[in-house]
Amino acid sequence: MAPDALTTLAQRYATVQSDVAAAAAEAGRDPSSITTIVVTKFHPAALVRELAAIGAHDVGENRHQEAAAKAAETADLGLRWHFIGQLQSNKAAAVLDYASVIHSVDRASLVDALARAERDVDVFLQLNLTDDPNRGGVAPQQLESLAERVLGIPRLRLRGLMAVAPVQSSARAAFACVREQSAELQRLAPEASALSMGMSGDFREAILEGATHLRIGSAITGNRQAPG
Ligand SMILES: *Cc1c(COP(=O)(O)O)cnc(C)c1O
């Protein structure tokens, strides 16, 4: 039998919460400084509803169409939606209809599209930790100019950096690199100290390197179906 069949969503959520608390203790950090965003991609709106019932109110999605449908179906729950996937500029306005935080801002054209927002938006700049420009994220060399562009737009609140650890290398080393880039960013934008990093397989390492926003999917939701 698959392990998921033996545990409930509430049990997995509780296990992740205690693992987060343990890693925070190991790092000498207050666990309340860490937000767990539950990534609900490929799961139905019913799961989002179940999550809300057990106290999980920050949810993340990486595809606009799927996210928009789920957000509409659960609009009564007052959840905070985080958009964490690659975002086309021509979808930016539509995403802002439900998402209040965008974790994947990685280029000037997207900043300009978000600038037309009619409400305040929290923004993370996604850092590309690989040499592959197709991976999404801004190269470290371009981070400062992108940050300046965001800072020039009053409705966009620059929160910090987001990254996905590359599969080939040590997650801990990758997250340490993000922390160093964050220190650079904070010289320009002292408020932009948040770090969106850490997924099901590497959130302990992320917490040890200062993560403030974890994006956790399968460890909480169970195995998801591959996209059809
Ligand atoms: C799917 C996804 C996650 C969560 O991944 P898990 O390994 O299921 O925890 C986190 N961040 C991004 C950008 C994702 O697309």
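As the structure lists them, so they are numbered: ligands from 1, and atoms in each ligand from 1.
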Sub-4.0 Å atoms of ligand 1 with respect to non-hydrogen atoms of [X]:
{"X": "I216", "answer": "9 (O)"}
{"X": "S200", "answer": "6 (P), 7 (O), 8 (O), 9 (O)"}
{"X": "S218", "answer": "6 (P), 7 (O), 8 (O), 9 (O)"}
{"X": "N62", "answer": "15 (O)"}

task: Check T40, I54, T15, V38 against I220 for a side-chain contact (heavy atoms from CB on, under 4.5 Å) and give me the one that passes.
output: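 Looking at T40, I54, T15, V38, the match for I220 under the side-chain contact (heavy atoms from CB on, under 4.5 Å) is V38.
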field: L151, V150, L156 screened by side-chain contact (heavy atoms from CB on, under 4.5 Å) with I153, the one that passes
entry: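 Of the listed options, the one satisfying the test is L156.
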query: Under 3.5 Å, N or O to N or O, is M162 touching ligand 1 that way?
result: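 M162 vs ligand 1: no N/O contact under 3.5 Å.
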query: Does R119 use its side chain to pair, donor to acceptor, with the backbone of L96 at less than 3.5 Å?
result: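 Such a contact is found between R119 side chain and L96 backbone.
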- request: Using modelled atom types only, decide if a donor and an acceptor are shared between the side chain of S170 and the backbone of A173 within a distance under 3.5 Å.
  value: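 Here the side-chain-to-backbone pair exists.
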message: Tell me whether the rings of Y98 and W81 are parallel (<30°), tilted (30 to 60°) or perpendicular (>60°).
response: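 Because their plane-to-plane angle is over 60°, the rings of Y98 and W81 count as perpendicular.
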Sub-6.0 Å ring centroid separation between H64 and F83: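 No - the distance between ring centres of H64 and F83 does not fall below the 6.0 Å cut-off.
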field: Residue portion contacting ligand 1 (non-hydrogen atoms closer than 4.0 Å) for I84
entry: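 Under 4.0 Å from ligand 1, I84 contributes backbone and side-chain atoms.
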field: Structural part of K41 in contact with ligand 1, heavy atom criterion under 4.0 angstrom
entry: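 It is the side chain that touches ligand 1; the backbone stays farther off.
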